[in-house]
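Shown next, in structure tokens, is the structure this report addresses.
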2 protein chains.
Amino acid sequence: MLQTGSGATTREAIHSAATRLFRARGYSRTTVRQIAAAADTDPALVIRHFRSKELLFLETMHLTIDDEPLLDVPLERLGERLAGLLVELGGSARGVFLALVHGSNEPHIHERLRDTHERLFVAPLRRRLSCPDADVRARMAAALAGGLLYALWVAGDEGLLRMDRTELVSRYGALLQEVLTPRTS
Amino acid sequence: MLQTGSGATTREAIHSAATRLFRARGYSRTTVRQIAAAADTDPALVIRHFRSKELLFLETMHLTIDDEPLLDVPLERLGERLAGLLVELGGSARGVFLALVHGSNEPHIHERLRDTHERLFVAPLRRRLSCPDADVRARMAAALAGGLLYALWVAGDEGLLRMDRTELVSRYGALLQEVLTPRTS
DNA sequence: GACCGGGCGTCAACATTGTTGACCGAACTT
DNA sequence: AAGTTCGGTCAACAATGTTGACGCCCGGTC
């Protein structure tokens with residue numbers, strides 16, 4: 001009957017509090033009671049609205065990039081464009097990505113991360129390629145993309161973090177370009 | 001005074017049980033009581049020998065590769081050699097790597113992962129290069145290496161997993177080679 | 001109007017987690 | 001022989017995710 005009483009609003013309060021906390025502190029370091037307190041409600045209600053902490057996590061942690069800017073650039077600049085997107089990605093996307101990676105010990109979260117990798121990197125890149133080995137190229141480029149995020153955020157390579165952004169974009173972009181449209185020399 | 005009574009043996013039993021369980025199930029899904037049961041002892045003793053679950057994890061989860069085979073290959077084959085090492089790495093190294101990545105929500109484990117990345121990938125590669133930008137090249141190659149492990153194990157890209165090993169080594173190796181010793185064309 | 005059925009909220013409890021302290025036995029030191 | 005220290009056992013603690021019992025209040029039905 002979906003009566004839109006105060007139920008929906010507290011549900012949204014829980015949702016937004018969970019989003020913020022999961023992004024900031026990850027899955028295991030965020031407790032249901034913290035979420036309840038931030039949403040000014042009861043821990044039991046958090047579970048009653050979303051059926052478990054893990055389902056709440058899955059419902060809040062969606063990693064999306066507008067992949068339109070990926071598509072509207074000429075093919076020979078795709079590598080640099082993707083590299084630029086990756087290094088500028090920071091902020092909220094960083095939190096979601098790290099939460100997914102850290103939480104992917106849990107099978108459902110791992111599945112979510114795999115979907116995200118496929119949908120965010122592999123599929124858009126493959127769509128831009130027409131050669132017979134487009135799938136392999138897209139997957140290798142996706143591995144490179146994930147590798148950059150891994151090195152910067154997961155491993156925390158301070159050498160790369162301190163590096164000049166435009167140089168990093170240029171060099172890593174050239175590498176991505178080499179996977180996507182190799183020089184046949 | 002180091003009396004080698006039954007103290008050291010149970011400590012080793014705990015150590016080996018923890019190693020096995022952490023590798024198989026990761027940090028958060030392994031409980032101190034499971035470790036104690038597998039070592040046939042008491043949970044309290046696990047904590048008394050290693051001061052906390054996290055310290056026990058750090059003492060057991062060391063990721064090492066004999067980097068000698070990395071060094072004894074001519075520079076122009078280094079890329080393919082590294083790629084070969086990475087895809088054949090499986091087994092126990094996979095468990096340790098995943099445990100570190102998943103657990104790196106915890107600051108100390110994150111620090112361990114950063115050290116491992118530096119010691120396992122960045123440093124050996126930089127040692128082989130002599131150009132002025134050796135550091136940047138080594139770090140980018142390390143990002144590629146981590147990206148391959150990330151794509152295969154963390155994200156679980158089934159397309160790459162199903163791919164022919166020798167082709168994957170050859171193609172990803174060429175890419176690594178491009179970072180290490182770029183064709184100046 | 002009386003009734004009551006179900007969504008919303010509150011509270012107390014449960015099992016499990018990591019961790020600590022109290023107690024005990026045995027072995028080594030003096 | 002006395003004492004100190006290490007190794008082990010047991011019970012407890014606070015915090016975690018989760019569940020069930022109870023109360024409230026609004027919307028529809030006799």
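Within every chain, numbering begins at 1; the chains are lettered A, B, ... in the order of the sequence lines, protein sequences first and strands thereafter.
- Legend: residues meeting ring-ring contact (aromatic ring centres under 6.0 Å, His included) with A/F121, ordered by chain and number and at least two apart, are A/H117.
- Residues satisfying the side chain to side chain donor-acceptor pair (under 3.5 Å) criterion with A/R126, sequence neighbours excluded, are A/D135.
- Note on A/T31: a side-chain N or O is less than 4.0 Å away from OP1 or OP2 of D/dG17.
- Between A/F57 atom CZ and D/dT18 atom P the separation is 14 Å, expressed in whole Å.
- Phosphate contact (OP1/OP2 of C/dG18, side-chain N/O of B/S52, threshold under 4.0 Å): absent.
- Between the side chains of B/S104 and A/H102, at least one donor N or O sits under 3.5 Å from an acceptor N or O.
- Sequence neighbours left out, not one pair with a member in residues 144-155 of chain A passes salt bridge (Lys or Arg N to Asp or Glu O under 4.0 Å).
- For residues 140-157 of chain B, every residue pair satisfying the side chain to side chain donor-acceptor pair (under 3.5 Å) rule, not counting sequence neighbours, is listed here: A/R139-B/D157.
- Contacts with DNA chain C (heavy atom under 4.0 Å) in residues 32-39 of chain B: B/V32, B/R33, listed by number.
- Atom pair B/R29:CZ and C/dT17:C1' shows a separation of 15 Å (rounding to whole Å applied).
- Residue A/H49 has no polar side-chain atom (N or O) positioned under 4.0 Å from OP1 or OP2 of C/dC8.
- With D/dT9, C/dG18, D/dT16 as the choices, the nucleotide that has an atom nearest any side-chain atom of B/K53 turns out to be C/dG18.
- A search for side chain to side chain donor-acceptor pair (under 3.5 Å) contacts involving A/E59 returns A/R11, not counting sequence neighbours.
- Considering only side-chain N and O atoms, B/T10 lies under 4.0 angstrom from the phosphate OP1 or OP2 of D/dG8.
- The side chain to side chain donor-acceptor pair (under 3.5 Å) search around B/H62 returns none, not counting sequence neighbours.
- A salt bridge links A/R137 to A/D133: at least one charged side-chain nitrogen sits closer than 4.0 Å to a carboxylate oxygen.
- C/dT19 atom P lies 14 Å from atom CG of B/L45, rounded to whole Å.
- As rounded to whole Å, 14 Å separates atom C1' of C/dT19 from atom CD1 of B/I14.
- For the segment residues 17-27 of chain B, the set of residues with a heavy atom within less than 4.0 Å of an atom of DNA chain D is empty.
- Residue contacts shown for A/S28 are absent, as no nucleic acid heavy atom lies under 4.0 Å away.
- With sequence neighbours left out, the side chain to side chain donor-acceptor pair (under 3.5 Å) criterion links B/T30 to no other residue.
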### Task
Produce a footprint string for nucleotides 20-25 of chain C: one letter per nucleotide, 5' end first; B if the base is under 4.0 Å from any protein heavy atom, S if only the sugar-phosphate is, - if neither.
BBB---

Do any side-chain atoms of residues 158-170 of chain B form donor-acceptor pairs under 3.5 angstrom with protein atoms, and if so which ones, sequence neighbours left out?
from	atom 1	to	atom 2	distance (Å)
B/E158	OE2	A/R114	NH1	3.2
B/D164	OD2	B/T166	OG1	2.7
B/D164	OD2	B/E167	N	3.2
B/R165	NH1	B/V87	O	3.1
B/E167	OE2	B/R171	NH1	3.3

Using a 3.5 Å cut-off and no angle test, enumerate the donor-acceptor pairs between side-chain atoms of residues 32-45 of chain A and protein atoms at least two apart in sequence or in another chain.
from	atom 1	to	atom 2	distance (Å)
A/D42	OD2	A/A44	N	2.9

